[in-house]
Colleague: 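Below is a structure I'd like to ask you about.
What's counted below: heavy atoms across the whole structure, side chains too, no hydrogens, waters or symmetry copies.
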Amino acid sequence: MAEFPSKVSTRTSSPAQGVGASVSALRPDLGFVRSALGVLALLQLVLGLLVWALIADTPYHLYPAYGWVMFVAVFLWLVTIVFFIIYLFQLHMKLYMVPWPLVLMIFFVTATVLYITAFITCAAAVDLTSLKGSRPYNQRAAASFFACLVMIAYGVSAFFSFQAWRGVGSNAATSQMAGGYS
């Protein structure tokens, strides 16, 4: 019994080491950017930016229909940026208690439905609010086209996130190791 304390080795660490480790672990995951979810998120960000930038450059405040389109485009663009950052920096792995496949599926389905309404609203209001061939007409028509494209991108993301949620093509171990994106 007298030999017991000499055989025990202890190490101490300072809190500064723990802080440095968590900050250095916050590196971008370039594999996510190359994945289907990452490419679709970048496409949604670029197309969504085009939608609201084209509408914002016209006197949209005079027509309530374009207020709805602006709300949908800007709101979903900002939420997509948040999800992109969460996945880019692998914060979803640190927030493991959140059911990310389900959250993403609900978001993408909701975004698709909202963009369907925004696309229809924007396309239906083009002729009513502008003279054909004028700059606002062309911008609103282009915004309608890009709203259709971003709606399709959100729909494809909804399909992929539904498959991830159901676990199609993977098991729980590979889903966790792959970071939840394909």
Side-chain angles (χ1 to χ4, degrees), residues 28-29 32-92 94-95 97-166 168 179-182:
D29 178 19
F32 165 70
V33 177
R34 290 185 218 111
S35 71
L37 183 63
V39 169
L40 282 167
L42 286 172
L43 185 67
Q44 292 156 3
L45 288 172
V46 169
L47 294 174
L49 175 66
L50 283 171
V51 170
W52 69 260
L54 286 166
I55 295 294
D57 194 36
T58 65
Y60 71 91
H61 59 281
L62 300 174
Y63 308 102
Y66 291 114
W68 171 249
V69 175
M70 282 293 288
F71 167 74
V72 169
V74 172
F75 177 73
L76 292 178
W77 187 74
L78 291 172
V79 174
T80 303
I81 287 175
V82 170
F83 280 129
F84 185 78
I85 290 171
I86 286 172
Y87 272 81
L88 180 66
F89 291 106
Q90 296 181 350
L91 297 174
H92 65 287
K94 295 182 192 306
L95 301 170
M97 69 290 290
V98 177
W100 287 108
L102 179 63
V103 169
L104 284 180
M105 183 188 68
I106 290 170
F107 168 69
F108 288 133
V109 167
T110 304
T112 303
V113 170
L114 288 175
Y115 253 110
I116 288 171
T117 64
F119 163 64
I120 292 171
T121 303
C122 190
V126 170
D127 270 344
L128 303 174
T129 59
S130 309
L131 297 172
K132 284 191 179 182
S134 67
R135 184 171 178 226
Y137 178 88
N138 292 337
Q139 287 175 308
R140 290 173 179 152
S144 297
F145 173 74
F146 289 121
C148 180
L149 292 181
V150 74
M151 173 193 66
I152 292 168
Y154 277 115
V156 171
S157 293
F159 173 75
F160 285 146
S161 63
F162 177 72
Q163 284 188 326
W165 175 66
R166 286 195 53 214
V168 174
Y181 47 83
S182 53

Colleague: Show which side-chain atoms of residues 105-115 pair as donor or acceptor with protein atoms under 3.5 Å away, not counting sequence neighbours.
Modeller:
from, atom 1, to, atom 2, distance (Å)
T110, OG1, I106, O, 2.7
T112, OG1, F108, O, 2.7
T112, OG1, Y154, O, 3.2
T112, OG1, G155, N, 3.2

Colleague: Could you pull out the closest heavy-atom pair between V69 and C122, with the gap in Å?
Modeller: CG2-CB, 3.8 Å
Colleague: Step through the shown structure and confirm whether more than 12 heavy atoms of other residues, nucleotides or ligands are within 6.0 Å of CG on L62.
Modeller: yes
Colleague: Nearest 0.5 Å, what's the OG1-CG distance between T80 and L40?
Modeller: 11.0 Å
Colleague: Got F160 and L104 here, is their nearest side-chain heavy-atom distance under 4.5 Å?
Modeller: no
Colleague: Which residues pass the ring pair (Phe, Tyr, Trp, His ring centres under 6.0 Å) test with Y137, sequence neighbours left out?
Modeller: none
Colleague: Tell me, which pairs form a side chain to side chain donor-acceptor pair (under 3.5 Å) where one or both residues lie in residues 141-152, sequence neighbours left out?
Modeller: none
Colleague: Can you list every pair that meets salt bridge (Lys or Arg N to Asp or Glu O under 4.0 Å) and has a residue in residues 105-122, with sequence neighbours left out?
Modeller: none
Colleague: Looking at every heavy atom in both A41 and F84, which two are closest together, and how far apart are they?
Modeller: CB-CD1, 3.7 Å
Colleague: In chain order, what residues pass the side chain to side chain contact (heavy atoms under 4.5 Å, CB included) check against A65, with sequence neighbours excluded?
Modeller: T121, A125
Colleague: Going by ring pair (Phe, Tyr, Trp, His ring centres under 6.0 Å), name the residues that satisfy it together with F145, two or more places apart in sequence or in a different chain.
Modeller: none
Colleague: CD1 of I85 to CG of L91: how many Å apart, nearest 0.5 Å?
Modeller: 9.0 Å
Colleague: List in chain and number order the residues that pass side chain to side chain contact (heavy atoms under 4.5 Å, CB included) with L95, two or more places apart in sequence or in another chain; answer none if no residue qualifies.
Modeller: M97, V98, W100
Colleague: State, yes or no, whether a side-chain contact exists between I86 and V82 at a heavy-atom distance under 4.5 Å.
Modeller: yes
Colleague: Output every pair passing side chain to side chain donor-acceptor pair (under 3.5 Å) with a member in residues 36-46, not counting sequence neighbours, ordered by first then second residue.
Modeller: Q44-S157
Colleague: So, for W77 and G48, which heavy atoms are closest and what is the spacing to 0.1 Å?
Modeller: CD1-C, 4.1 Å
Colleague: According to the salt bridge (Lys or Arg N to Asp or Glu O under 4.0 Å) rule, which pairs have a member within residues 122-134, sequence neighbours left out?
Modeller: none
Colleague: Parallel, tilted or perpendicular: which describes the rings of W165 and F162, with under 30° parallel and over 60° perpendicular?
Modeller: tilted
Colleague: Sequence neighbours left out, cut at 3.5 Å: what donor-acceptor pairs do the side chains of residues 49-61 make with other protein atoms?
Modeller:
from, atom 1, to, atom 2, distance (Å)
D57, OD2, R135, NH2, 2.8
D57, OD2, Q139, NE2, 2.6
T58, OG1, I55, O, 2.7

Colleague: Can you pull out every salt bridge (Lys or Arg N to Asp or Glu O under 4.0 Å) where at least one residue sits in residues 139-151? Sequence neighbours excluded, please.
Modeller: none
Colleague: Quick one: which residue pairs count as a salt bridge (Lys or Arg N to Asp or Glu O under 4.0 Å) with a foot in residues 144-153, not counting sequence neighbours?
Modeller: none
Colleague: Roughly how far, to the nearest 0.5 Å, is CG of L131 from CG of N138?
Modeller: 11.0 Å
Colleague: Check the pair L43, V39 against side-chain contact (heavy atoms from CB on, under 4.5 Å), reporting the backbone distance first and the verdict last.
Modeller: CA-CA 6 Å; L43 185 67; V39 169; 5.5 Å; no
Colleague: Checking ring pair (Phe, Tyr, Trp, His ring centres under 6.0 Å) between H92 and each of F83, F32, Y87, which is the one that passes?
Modeller: Y87
